[in-house]
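By convention here, the first residue in the shown sequence is residue 1. Just so you know, ligand 1 is whichever comes first in the structure, and atom 1 is the first atom listed for that ligand. Worth saying up front: this structure is predicted, and the values here are computed from it rather than measured.
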Amino acid sequence: MQIAIDGPAGAGKSSVAKEVARRLGLKCLDTGAMYRALTFKALNEGLDLSDNFLLGELTRHCQLEIKFDKNMNTLILLDGEDITEKIRSPEVNKHVSLIARSPDLRKELVYLQRKIAEKSNGIVMEGRDIGTNVLINADHKFFLDAGLEERTHRRWLEMQEKGLEVDPDSLLKEITARDRIDSERKEAPLKIAPEARVIDTTCYNLEEVVEKVIGFIKHTESRG
Ligand code: CDP
């Protein structure tokens with residue numbers, strides 16, 4: 001079974017995807033972590049972030065390893081180093097959407113994502129273009145959304161829990177900018193797949209959204 005979950009930053013995709021995967025006994029892949037890993041590398045190497053060719057070359061020549069822990073987290077190893085924590089830095093947050101515009105870089109990452117899906121015995125994959133591009137034939141497609149203020153608040157809480165102090169206004173600006181770049185890019189932009197079920201999670205907690213997603217899946221499966 002393949003389940004695609006897309007949506008903007010802070011809509012709850014990662015937490016929902018992990019819990020749905022856990023309950024259904026499937027693997028879970030956070031594709032955003034892969035774009036973040038390449039952003040980390042491009043920033044370290046001081047690359048021009050608008051150079052599609054160089055970003056493609058960088059992706060082809062690095063060693064990106066994806067692993068999964070027992071809590072359904074996606075672990076990222078780049079050239080042998082575990083950079084799972086490092087890819088959540090403010091620097092990476094700020095630049096990741098710029099890099100994710102590169103068609104050559106996306107082509108390489110989408111190839112890896114499809115290979116992971118093929119090798120797994122069922123997967124929940126979350127990102128921006130899963131239902132519209134990566135797993136176009138997914139059995140179930142969801143688009144999670146929430147109001148901008150709510151998404152900013154959730155991200156702020158997450159950062160607080162990690163001990164990171166951020167100004168809510170700058171966070172709101174960053175999320176707005178990222179949403180705009182992700183939706184306006186030419187290559188596989190963030191948009192709702194025609195067959196996707198849209199869930200506005202603004203007024204629901206994690207458990208409620210997970211229940212809805214699993215409910216839709218069971219209902220569809222029972223109809224054959
Ligand atoms: O967790 P959050 O929503 O902040 O972002 P993420 O899922 O880690 O994704 C980070 C960025 O990677 C997004 O803002 C997109 O620019 C890019 N991305 C993408 O272009 N396509 C995907 N399938 C996943 C992420």
Side-chain angles (χ1 to χ4, degrees), residues 2-18 28-43 49-50 52 55 59 64 66 73-76 83-114 116-117 123-136 138 141-146 148 150-159 161-162 164 166 170-193 196 201:
Q2 292 185 340
I3 301 172
I5 302 186
D6 291 300
K13 301 180 301 293
S14 294
S15 322
V16 171
K18 280 192 269 190
C28 180
L29 178 66
D30 166 8
T31 59
M34 298 167 76
Y35 291 91
R36 287 172 175 275
L38 266 303
T39 306
F40 176 79
K41 187 160 173 85
L43 289 171
L49 305 185
S50 60
N52 177 48
L55 289 171
T59 316
L64 189 63
I66 316 292
N73 293 310
T74 302
L75 306 179
I76 299 276
I83 57 162
T84 309
E85 291 298 321
K86 291 183 179 167
I87 60 173
R88 306 282 156 195
S89 74
E91 267 308 280
V92 172
N93 288 345
K94 193 167 152 198
H95 294 100
V96 61
S97 289
L98 298 175
I99 281 175
R101 293 180 304 185
S102 159
D104 286 8
L105 176 143
R106 297 196 73 84
K107 192 169 145 218
E108 300 299 322
L109 293 188
V110 168
Y111 172 76
L112 286 176
Q113 290 155 10
R114 289 183 180 144
I116 293 170
I123 196 160
V124 180
M125 204 182 278
E126 56 109 345
R128 301 291 189 285
D129 61 337
I130 312 304
T132 53
N133 178 39
V134 182
L135 301 179
I136 197 96
K141 299 183 182 181
F142 296 92
F143 189 95
L144 302 190
D145 206 350
L148 177 62
E150 173 64 19
R151 292 190 287 117
T152 307
H153 182 63
R154 288 178 190 170
R155 195 40 63 86
W156 180 81
L157 279 179
E158 260 173 49
M159 300 186 94
E161 276 164 23
K162 287 191 197 160
L164 297 168
V166 275
S170 345
L171 196 57
L172 187 137
K173 281 193 191 121
E174 182 220 296
I175 291 180
T176 310
R178 213 136 59 79
D179 287 353
R180 186 179 51 75
I181 302 171
D182 289 345
S183 313
E184 290 179 358
R185 70 174 176 236
K186 282 210 187 79
E187 192 75 16
L190 167 67
K191 64 173 185 214
I192 305 173
T201 71

List of N/O pairs, ligand 1 versus protein, all under 3.5 Å?
| residue | atom | partner | partner atom | Å |
| --- | --- | --- | --- | --- |
| ligand 1 | 1 (O) | R155 | NH2 | 3.3 |
| ligand 1 | 3 (O) | K13 | NZ | 3.4 |
| ligand 1 | 3 (O) | R128 | NH2 | 3.1 |
| ligand 1 | 4 (O) | R36 | NH2 | 3.3 |
| ligand 1 | 4 (O) | R155 | NH1 | 2.6 |
| ligand 1 | 4 (O) | R178 | NH1 | 3.4 |
| ligand 1 | 4 (O) | R178 | NH2 | 2.8 |
| ligand 1 | 5 (O) | R128 | NH2 | 3.4 |
| ligand 1 | 5 (O) | R178 | NH1 | 3.4 |
| ligand 1 | 7 (O) | R128 | NH1 | 3.2 |
| ligand 1 | 8 (O) | R36 | NE | 2.7 |
| ligand 1 | 14 (O) | S97 | OG | 3.3 |
| ligand 1 | 14 (O) | R128 | NH2 | 3.3 |
| ligand 1 | 14 (O) | R178 | NH1 | 2.8 |
| ligand 1 | 14 (O) | D182 | OD2 | 2.7 |
| ligand 1 | 16 (O) | S97 | OG | 3.1 |
| ligand 1 | 16 (O) | D182 | OD1 | 2.6 |
| ligand 1 | 16 (O) | D182 | OD2 | 3.3 |
| ligand 1 | 20 (O) | R106 | NH1 | 2.7 |
| ligand 1 | 20 (O) | R106 | NH2 | 3.3 |
| ligand 1 | 20 (O) | R185 | NH1 | 2.9 |
| ligand 1 | 20 (O) | R185 | NH2 | 3.1 |
| ligand 1 | 21 (N) | R106 | NH2 | 3.1 |
| ligand 1 | 23 (N) | T31 | OG1 | 3.0 |
| ligand 1 | 23 (N) | R128 | N | 3.1 |
| ligand 1 | 23 (N) | D129 | OD1 | 2.8 |

Are E126 and L29 close enough, and set up right, to give a side chain to side chain contact (heavy atoms under 4.5 Å, CB included), and what steps lead you there? CA-CA 6 Å; E126 56 109 345; L29 178 66; over 6 Å; no
Ion pair present between R128 and D182, side-chain N to carboxylate O less than 4.0 angstrom? yes
What residues form a side-chain hydrogen bond (donor to acceptor under 3.5 Å, both in side chains) with T59, not counting sequence neighbours? none
Hey, are T201 and R154 close enough side-chain-wise for a donor-acceptor pair under 3.5 Å? yes
Can you tell me if N133 uses its side chain to pair, donor with acceptor, with the backbone of A188 under 3.5 Å? no
Working note: Y35 + I99, criterion side chain to side chain contact (heavy atoms under 4.5 Å, CB included); need CA distance, chi angles, decisive distance, verdict. CA-CA 8 Å; Y35 291 91; I99 281 175; 5.7 Å; no
